[in-house]
Chemist: 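Before we start, here is the structure in question, set down as structure tokens.
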Amino acid sequence: MKIGYPCINRSLGCSSSKTFRLKSYSENLLIEKINNNLDCLLKILKYNREHNILFFRISSDLIPFASHPVCTYDWKKLFKEKIKNIGYFIRENQIRISMHPDQFTLINSPDEDIFKRSKRELQYHADILALMGLDSSAKIQIHVGGVYGDKEKSITRFIKRYKKLSKKIKEHLVIENDEKSYCLADCLNLSARINIPVLFDVFHHSLYNNKESLKAAFVLFSKTWSLRDGVPLVDYSSQAQAKRSGSHTESIDLNDFTGFIKEVEKFDFDLMLEIKDKEKSVLKVMHKLKLSGKTKKTTKKA
DNA sequence: AGTTGTCAAGCTAGT
DNA sequence: ACTAGCTTGACAACT
């Protein structure tokens with residue numbers, strides 16, 4: 001099992017998701033941010049490697065406005081080498097990668113324009129993975145989307161739209177259960193119809209489910225991952241068991257966590273910890289599970 | 001230097 | 001018909 005964290009490292013003092021206002025868009029500013037973000041991403045990945053953290057979610061803001069019409073700059077061509085180099089580091093160290101386009105990426109929206117924009121956004125994510133030379137075990141996770149007053153219709157629309165996506169997108173795309181519209185059972189239903197892997201969010205499942213136990217859930221979503229998809233991915237967060245509403249736990253609750261791990265220890269999966277203090281919680285957990293500590297020397301290939 | 005409002009993109013529930 | 005909340009970091013415009 002690899003354990004990872006999303007997008008931001010709090011120990012390094014750099015950010016790989018620096019952006020700027022659309023109003024102040026300029027090519028120079030864009031280039032500056034891309035350079036910063038790519039440099040920082042490599043720095044984070046090196047930090048992770050040193051701490052034996054081999055799973056990471058790359059920020060969707062890596063290339064600001066990448067899929068926006070305002071961005072006519074050919075970043076794919078001009079940053080090709082730099083991105084390729086990061087990809088080399090990822091592959092060399094067998095780091096698992098995921099990405100998570102945000103809430104505006106909706107492939108089942110009745111609005112055709114929203115779908116078109118979403119498709120462009122997904123293509124941008126797939127382009128990054130392709131430039132890095134990553135295979136189909138690198139995943140782009142999205143939610144199923146809105147219900148729009150008719151869930152079955154919206155699921156059917158998802159399927160129709162999914163079929164229009166490029167092969168490059170489909171190779172990486174997985175769906176994740178959410179906390180109010182599409183639960184695990186809905187995702188499984190969809191998966192059975194278009195053969196898309198289901199990424200399991202433990203926290204969302206606890207809020208919205210069909211009464212499947214954790215173990216039953218693991219059996220079910222694990223089956224949706226084939227060999228080429230890599231080990232199944234799971235998101236875990238320990239926020240919002242709020243004693244006061246709105247209060248988030250700053251760091252991971254190790255008791256909760258060990259309880260969770262014990263229940264599913266027979267399963268093989270990579271785990272994304274969505275916790276505010278990011279890598280600190282990962283290190284805590286790895287220490288607890290005795291996965292962490294020393295830097296392992298890798299054998300270099302090619 | 002520190003604080004607060006706002007930011008490309010959307011859905012939903014509550015009014 | 002309209003708006004706040006979602007979740008959250010970071011920019012931008014203020015003290």
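Chain letters run A, B, ... following the sequence lines, proteins first and then strands; every chain starts at 1.
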Chemist: When the P atoms of dC11(C) and dG10(B) are compared, how many Å lie between them, rounded to an integer?
Modeler: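 Nearest-Å result for dG10(B) against dC11(C) at atom P: 23 Å.
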
Chemist: Given dT7(C), dG9(C), dA12(C), which nucleotide is nearest the side-chain atoms of Ile8(A)?
Modeler: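 Looking only at side-chain atoms, Ile8(A) lies closest to dG9(C).
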
Chemist: Please give the distance between the P atoms of dT3(C) and dT6(B) as a whole number of Å.
Modeler: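 Straight-line distance between the two P atoms is 14 Å.
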
Chemist: So do the side chains of Lys33(A) and Leu29(A) get within less than 4.5 Å of each other, counting heavy atoms only?
Modeler: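 Yes, at least one pair of side-chain atoms sits under 4.5 Å.
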
Chemist: With rounding to the closest Å, how many angstrom separate the P atoms on dA8(B) and dC2(C)?
Modeler: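 Each nucleotide's P atom is 22 Å from the other's.
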
Chemist: For Ser166(A) and Gln123(A), test the side chains for any donor-to-acceptor distance below 3.5 angstrom and give the result as yes or no.
Modeler: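 There is such a pair (donor and acceptor under 3.5 Å, judged by atom type) between the side chains of Ser166(A) and Gln123(A).
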
Chemist: For dG9(C), does either OP1 or OP2 sit under 4.0 Å from a side-chain N or O belonging to Arg10(A)?
Modeler: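 Looking at the OP1 and OP2 atoms of dG9(C), one of them is under 4.0 Å from a side-chain N or O of Arg10(A).
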
Chemist: Can you list the stems that include DNA chain B, where a stem is three or more consecutive Watson-Crick or G-U pairs with distances under 3.5 Å?
Modeler: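 Result, WC/G-U stems under 3.5 Å: B:1-7 with C:9-15, B:10-15 with C:1-6.
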
Chemist: Distance check needed: dC11(C) C1' versus Phe65(A) CZ, whole Å only.
Modeler: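 About 10 Å, once rounded to whole Å.
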
Chemist: If we take the P atom in both dC6(C) and dT3(B), what is their distance in whole Å?
Modeler: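 So the two P atoms sit 23 Å from each other.
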
Chemist: Please say which of Phe269(A), Phe55(A), Phe257(A) ends up in a ring-ring contact (aromatic ring centres under 6.0 Å, His included) with Tyr236(A).
Modeler: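 With Tyr236(A) as partner, Phe269(A), Phe55(A), Phe257(A) yield a single ring-ring contact (aromatic ring centres under 6.0 Å, His included), made by Phe257(A).
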
Chemist: For atom NZ of Lys151(A), decide whether the heavy atoms of other residues, nucleotides or ligands shown that lie under 6.0 angstrom number more than 12.
Modeler: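 Enclosed.
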
Chemist: Send over the distance from His143(A) NE2 to dT7(C) C1', rounded to a whole Å.
Modeler: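 Result: 11 Å.
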
Chemist: Is the charged tip of Arg193(A) near the ring of Tyr162(A): under 6.0 Å from the six-membered ring centre and within 45° of its axis?
Modeler: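 Output no; distance or angle outside limits.
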
Chemist: In B/S/- notation, 5' to 3', how is nucleotides 10-15 of chain B contacted by protein heavy atoms closer than 4.0 Å?
Modeler: BSS---

Chemist: Check this for me: Asn195(A), atom CG, are more than 12 non-hydrogen atoms of other residues, nucleotides or ligands nearer than 6.0 Å?
Modeler: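 Counting neighbours around CG of Asn195(A), 12 or fewer heavy atoms of other residues, nucleotides or ligands fall under 6.0 Å, so no.
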
Chemist: So among Asn85(A), Ile97(A), Ile86(A), which one has a side-chain contact (heavy atoms from CB on, under 4.5 Å) with Met132(A)?
Modeler: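 Of all the options given, the one that passes is Ile86(A).
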
Chemist: For dT8(C), does either OP1 or OP2 sit under 4.0 Å from a side-chain N or O belonging to Lys276(A)?
Modeler: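 No, Lys276(A) has no side-chain N/O under 4.0 Å of OP1/OP2 on dT8(C).
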
Chemist: I'd like to check the salt bridge (charged side-chain N to carboxylate O under 4.0 Å, His left out) partners of Arg117(A); sequence neighbours left out, ordered by chain and number.
Modeler: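 Per chain and number, Arg117(A) pairs via salt bridge (charged side-chain N to carboxylate O under 4.0 Å, His left out) with no residue.
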
